[in-house]
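Take a look at the structure below.
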Amino acid sequence: MTGRPRRLLAALLAALLAAGCGTSEAGPQPWHGGRIFLATGNTTGVYYQLGGGYADVISRHLPGYEARAEPTGASVENINRLASGDMEIAFSLADTAADAVQGRGAFEGQPQPVRALARVYSNYTHVIVRADAKITALSGLRGKRVSTGSPKSGTDIIAGRLLAAAGLDPDRDVRRAALSLPETVKRMRAGTLDAMFFSGGLPTPGIADLLSSAPGTFALLPIADLIEPLGARHGSVYTTAELPKEVYGTTSATPTVTVANVILVGADMPDQLAYDLTRLLFTYQADLVGVHPEGGNFTRQSAAGTDPIPLHPGAARFYRAG
């Protein structure tokens, strides 16, 4: 059982327990029965690691609540599950979240009632090719076997947009496979894929494992030159940065495209709960850093900059108080 029915059942059970205990002056019950589910991403990605750390912080420091991180296909799936009531918190790429709010792209004509708690670290787009394929530009993927990430993920969206910016039809000019990161890594090693996309924080565990396990077999492709056609069509949500050579032990830095991540909740979340969830991100940020270095790559000032995704009123109150 998922979504609203599960929540209604939890609320009913809580009410029955309270009645059975003879509690006539009980205070407000925790929202959704005190259970918070976090929609994250692939198990070898940063979303899943940070989501697990955030869930632990919530469970330990928010009285009345227990949180659990759930692996998912990432951004689009996460927003759909958040909007349906199946999840209480979701990680998403900012471009996908902007589409959801505005009813575009995967959410065409169906704006989603989501709000932001914070803008956090940035995702770096990893385009990895087999070194023996001699591919030096994204246009060289024509006719190649390419994984564009999990279905309904932010990676899949940005991969399609980058291929189009390079003059390729994502569904006709490449042999496209929508695969999770673990499955993609497995097939890259087996030689049944020529290239892959993944949008993630640094380092992404699955990427680090792939590159370190077969030195010289794979190469990161520079794609920052595509920012102009990408921005002309999709706006300023994308930026560029160099993926440092130290991250994966490459011979040089790789110019790439980046996009921010946001932590989302439903518009119906109580203001006080949204305030408390936002406060925990900063009060226990050191705990998040202990889970993954990207947990430290946001500040109170940067986190409030979620436009065009509206801040939840509870989160906005937290930032104003600072």
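Heads up: numbering here begins at 1 and tracks the sequence.
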[X] side chain vs [Y] backbone, donor-acceptor pair below 3.5 Å:
{"X": "S153", "Y": "S150", "value": "yes"}
{"X": "H312", "Y": "M269", "value": "yes"}
{"X": "N42", "Y": "T44", "value": "no"}
{"X": "D194", "Y": "R145", "value": "yes"}
{"X": "T204", "Y": "I207", "value": "no"}
{"X": "H292", "Y": "P203", "value": "yes"}
{"X": "T148", "Y": "A159", "value": "no"}
{"X": "E294", "Y": "N123", "value": "no"}
{"X": "S75", "Y": "T96", "value": "no"}
{"X": "H234", "Y": "A232", "value": "no"}

Can you find a heavy atom in the side chain of [X] that is under 4.5 Å from one in the side chain of [Y]?
{"X": "L210", "Y": "R189", "answer": "yes"}
{"X": "N78", "Y": "S92", "answer": "no"}
{"X": "V101", "Y": "P310", "answer": "yes"}
{"X": "H126", "Y": "L243", "answer": "yes"}
{"X": "L288", "Y": "L50", "answer": "yes"}
{"X": "V174", "Y": "K144", "answer": "no"}
{"X": "V114", "Y": "V265", "answer": "no"}
{"X": "R320", "Y": "F318", "answer": "no"}

Name the residue from I89, T40, I36 that meets the side-chain contact (heavy atoms from CB on, under 4.5 Å) definition with Y54. I89

Exactly one of I223, L141, L221, I128 should register a side-chain contact (heavy atoms from CB on, under 4.5 Å) with F197. Which one does? L141

For a quick test of reading the model, state the closest non-hydrogen atom pair linking [X] to [Y] and the distance between them.
{"X": "A116", "Y": "L264", "result": "CA-CD2, 4.0 Å"}
{"X": "G167", "Y": "D173", "result": "O-OD2, 4.2 Å"}
{"X": "G51", "Y": "F91", "result": "CA-CE1, 3.8 Å"}
{"X": "L193", "Y": "S147", "result": "CD1-CB, 3.7 Å"}
{"X": "P170", "Y": "A164", "result": "CG-N, 4.4 Å"}
{"X": "A67", "Y": "S59", "result": "N-OG, 2.8 Å"}

Give, for atom [atom1] of [X] and atom [atom2] of [Y], the distance between the pair rounded to the nearest 0.5 Å.
{"X": "R119", "Y": "I263", "atom1": "CZ", "atom2": "CD1", "result": "13.0 Å"}
{"X": "L162", "Y": "S199", "atom1": "CG", "atom2": "OG", "result": "9.5 Å"}
{"X": "T283", "Y": "D276", "atom1": "OG1", "atom2": "CG", "result": "9.5 Å"}
{"X": "L220", "Y": "T125", "atom1": "CG", "atom2": "OG1", "result": "11.5 Å"}
{"X": "K186", "Y": "T184", "atom1": "NZ", "atom2": "OG1", "result": "11.5 Å"}
{"X": "T43", "Y": "E70", "atom1": "OG1", "atom2": "CD", "result": "12.5 Å"}

[X] and [Y]: side chain donor to acceptor below 3.5 Å:
{"X": "T258", "Y": "T239", "answer": "yes"}
{"X": "N80", "Y": "E77", "answer": "no"}
{"X": "Y238", "Y": "R161", "answer": "yes"}
{"X": "N261", "Y": "Y47", "answer": "yes"}

Atom CZ of residue position R130 - does it have more than 12 heavy atoms of other residues, nucleotides or ligands inside 6.0 Å? yes

Near Q102 CD, under 6.0 Å, is it more than 12 heavy atoms from other residues, nucleotides or ligands? yes

Using 30° and 60° as the class limits, which term best fits the ring planes of H61 and Y284: parallel, tilted or perpendicular? parallel

Side-chain heavy atoms nearer than 4.5 Å, only ILVMFWY residues, links allowed to pass through others: does that put [X] and [Y] together?
{"X": "L93", "Y": "L38", "value": "yes"}
{"X": "L280", "Y": "F298", "value": "yes"}
{"X": "L138", "Y": "F218", "value": "no"}
{"X": "V127", "Y": "I227", "value": "yes"}
{"X": "Y48", "Y": "V185", "value": "no"}

Whether R317 engages the ring of Y275 as a cation-pi pair (distance to the six-membered ring centre under 6.0 angstrom, angle to the ring normal within 45°) should be assessed. yes

Geometric cation-pi criterion R81 and F37, 6.0 Å radius, 45° cone: no

Does the side-chain contact (heavy atoms from CB on, under 4.5 Å) test come out yes or no for V120 and N297, once each step is laid out? CA-CA 7 Å; V120 286; N297 287 334; over 6 Å; no

Trace of the side-chain contact (heavy atoms from CB on, under 4.5 Å) decision for Q301 with Y319: CA-CA 8 Å; Q301 180 178 6; Y319 295 118; over 6 Å; no

Audit row: L117, L311, side-chain contact (heavy atoms from CB on, under 4.5 Å) steps and yes/no: CA-CA 6 Å; L117 294 184; L311 280 170; over 6 Å; no

Would you check, one step at a time, whether the test side-chain contact (heavy atoms from CB on, under 4.5 Å) holds for V46 with Y121? CA-CA 10 Å; V46 178; Y121 67 97; 3.4 Å; yes

May I ask you to say whether D156 pairs ionically with K152, meaning some side-chain N is under 4.0 Å from a carboxylate O? no

Is there a salt bridge (charged side-chain N to carboxylate O under 4.0 Å, His left out) between R187 and E183 once you walk through the steps? CA-CA 6 Å; R187 296 196 189 189; E183 183 62 22; 2.7 Å; yes

Walk me through it: do E66 and R68 pass the test salt bridge (charged side-chain N to carboxylate O under 4.0 Å, His left out)? CA-CA 7 Å; E66 181 180 349; R68 187 173 75 189; over 6 Å; no

